[in-house]
2 protein chains.
Amino acid sequence: MTVIFSKKCEYGMQAILYLAAREKGNLVSSDEISKVLKIPREFISKILQSLRESGLIISNKGKSGGFGLAKDPSRIKLIDVVAAIDGLDIFDSCVLGFPECSPTHPCPVHETWGTLRTQAYDMLNSETVDKLKDKTLNKISSL
Amino acid sequence: MTVIFSKKCEYGMQAILYLAAREKGNLVSSDEISKVLKIPREFISKILQSLRESGLIISNKGKSGGFGLAKDPSRIKLIDVVAAIDGLDIFDSCVLGFPECSPTHPCPVHETWGTLRTQAYDMLNSETVDKLKDKTLNKISSL
DNA sequence: TTATAATCGGATTATTTTATCCGATAAAAA
DNA sequence: TTTTTATCGGATAAAATAATCCGATTATAA
Ligand code: SF4
Ligand code: SF4
């Protein structure tokens, strides 16, 4: 069950958090990511490929190959993953499903939802993934 | 594109808002609801059937039949529709897709998301649909 | 050089969600 | 009583999302 983002996007965020938490110079195989995060191997593999195309991560083929962040974790935020996979449309979209959000024709929950949308965006945009390392490791340890 | 709730749930909320906003007395046909809200006729029809099974609305077959609220709009909230269609699980669920939310193993956005979840719930639980009548009519006029 | 271990990438399958079709049924009006 | 206009409800279709398969490619290490 998904709350806001697609499974692809959820898994993508988890993987980025893991790559950031695992620091080190060497790369992480999709197999390891799959096992640690309990995500189907072939599925996370495809997601990692698409994040690579988006330039968020890099990869090497061959023995001792794998995936790694494309830049320093202090320069990556969770919102970057959302932008790359699901896109940012939901942060302009209507929680009641009305086709568009116009201030002159606000829906019944206009003000409240507008604020919540912004807060959700800020939540993913305010901290870089390096800051989330400890919590990530703690969370992963319980999977 | 949906933000949090399924299309069924979004359409269901819209339909309940419309039934509440439309004057009482006579019933509203699924055809009218479909046209006003621009929802596929057969689809909203099915959704209305399920809301009827849930006891939120009533219906009459035959000529001059249709759907109406099962109780006074001052006793119905949007959260009732969510509970009937999508269920309330999302309000306990993880925005990053981790399998469970435990305070001892909080995810990297634990506090923020916990607060947002609660606010989203409150948004749908705080006002009864009769209070939303004016805004509903205004919104619908722009569809 | 050869065996091994990893990603790549295109095709395919499975599942869930969204939407539609249509015959049966019921009630009101003609 | 007959016709008209609704919902009911079960089956099905279409679309989107989630997951998998597998051969090809590439890099490392023995
Ligand atoms: S503010 Fe209201 S109209 Fe605008 S997108 Fe949100 S719920 Fe819809
Ligand atoms: S608080 Fe954190 S761990 Fe708990 S459900 Fe929300 S995102 Fe997941």
Side-chain angles (χ1 to χ4, degrees), chain A residues 1-15 19 25-70 82 85-87 89-90 93 97 99, chain B residues 1-15 19 25-35 37-70 82 85-87 89-90 97 99:
Chain A
M1 191 201 48
T2 257
V3 179
I4 299 182
F5 306 113
S6 68
K7 273 277 165 240
K8 275 184 192 169
C9 191
E10 288 181 350
Y11 289 158
M13 290 190 286
Q14 292 182 21
L19 288 176
N26 43 359
L27 302 175
V28 183
S29 73
S30 61
D31 197 52
E32 174 179 336
I33 297 174
S34 161
K35 275 172 180 140
V36 171
L37 298 175
K38 304 209 164 62
I39 299 170
R41 186 183 192 289
E42 303 282 358
F43 195 30
I44 192 61
S45 190
K46 271 281 182 292
I47 295 166
L48 291 166
Q49 271 178 52
S50 86
L51 287 175
R52 181 182 140 278
E53 282 164 28
S54 307
L56 269 179
I57 64 181
I58 51 95
S59 72
N60 273 344
K61 285 187 177 181
K63 205 162 182 171
S64 78
F67 296 88
L69 296 181
V82 174
I85 299 182
D86 278 359
D89 282 356
I90 50 152
S93 296
Chain B
M1 192 199 49
T2 69
V3 178
I4 300 182
F5 307 113
S6 68
K7 274 272 165 247
K8 276 184 190 168
C9 191
E10 289 181 349
Y11 290 158
M13 289 190 285
Q14 292 182 21
L19 287 176
N26 38 6
L27 302 175
V28 183
S29 73
S30 61
D31 197 53
E32 173 179 337
I33 297 174
S34 161
K35 275 172 180 143
L37 298 176
K38 304 211 165 63
I39 299 170
R41 186 183 193 288
E42 303 282 357
F43 195 31
I44 192 61
S45 189
K46 272 282 183 291
I47 295 167
L48 291 167
Q49 271 178 53
S50 86
L51 287 175
R52 181 181 141 278
E53 281 162 30
S54 306
L56 269 180
I57 63 181
I58 51 95
S59 72
N60 273 343
K61 285 187 178 181
K63 206 161 183 173
S64 77
F67 297 87
L69 296 180
V82 174
I85 299 181
D86 278 358
D89 283 355
I90 52 152

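Only heavy atoms go into these numbers, but all of them, side chains included; no hydrogens, no water, no symmetry mates. Numbered from 1 within each chain, the chains take letters A, B, ... in sequence-line order.
With a 4.5 Å cut-off on side-chain heavy atoms, A:Glu32 and A:Lys35 do not count as touching. Annotation: side chain of B:Tyr11 is not in contact with side chain of B:Leu37 (no heavy-atom distance under 4.5 Å). Using a 4.5 Å heavy-atom cutoff, the side chains of B:Ile90 and A:Ile4 are not in contact. In this structure the side chain of A:Ile33 reaches within 4.5 angstrom of the side chain of A:Leu19, judged on heavy atoms.
Using modelled atom types, no side-chain atom of B:Ser59 and backbone atom of B:Gly66 make a donor-acceptor pair closer than 3.5 Å.
The side chain of B:Pro40 sits closest to C:dT20 out of C:dT20, C:dA28, D:dT28. Considering only side-chain atoms of A:Gln49, the nucleotide from D:dA18, D:dG9, C:dG9 that sits closest is C:dG9. Between C:dC8, D:dA19, D:dT7, one nucleotide has an atom nearer to the side chain of A:Phe67 than all others, and that is C:dC8. In the set D:dT7, C:dC21, C:dT18, D:dT7 carries the atom at the smallest distance from any side-chain atom of B:Ser29.
At whole-Å resolution of the value, CZ in B:Phe5 and C1' in C:dT17 are 17 Å apart. Between the CZ atom of A:Phe43 and the C1' atom of D:dC21 there is a distance of 15 Å, given to the nearest Å. The distance between atom CD1 of A:Ile44 and atom P of C:dA6, rounded to the nearest whole Å, is 17 Å. Nucleotide C:dC8 holds its P atom 12 Å from the CZ atom of A:Arg41, rounded to whole Å. Between the CD1 atom of A:Ile33 and the C1' atom of C:dT7 there is a distance of 12 Å, given to the nearest Å. Taking atom NZ on A:Lys35 and atom P on C:dA6, their separation rounds to 9 Å, with Å as the unit. One interatomic measurement links the two molecules: NZ of B:Lys46 to C1' of C:dT20, which rounds to 9 Å at whole-angstrom precision. Between the NZ atom of A:Lys63 and the P atom of C:dT7 there is a distance of 14 Å, rounded to whole Å.
Taking for each of A:Thr2 and A:Lys61 the nucleotide of DNA chain D with the nearest heavy atom, the 5'-most of the two is the partner of A:Thr2. Of the residues near DNA chain D, A:Ser6 and A:Gly65, the one whose nearest nucleotide (by heavy atom distance) lies more toward the 5' end is A:Ser6.
Distances shown here put every side-chain N or O of B:Ser64 at or beyond 4.0 Å from the OP1 or OP2 atom of C:dA27. Using a 4.0 Å cut-off, some side-chain N or O of A:Ser30 falls inside it from OP1 or OP2 of C:dT7.
If you check every strand for non-hydrogen atoms under 4.0 Å, B:Ser45 touches nothing.
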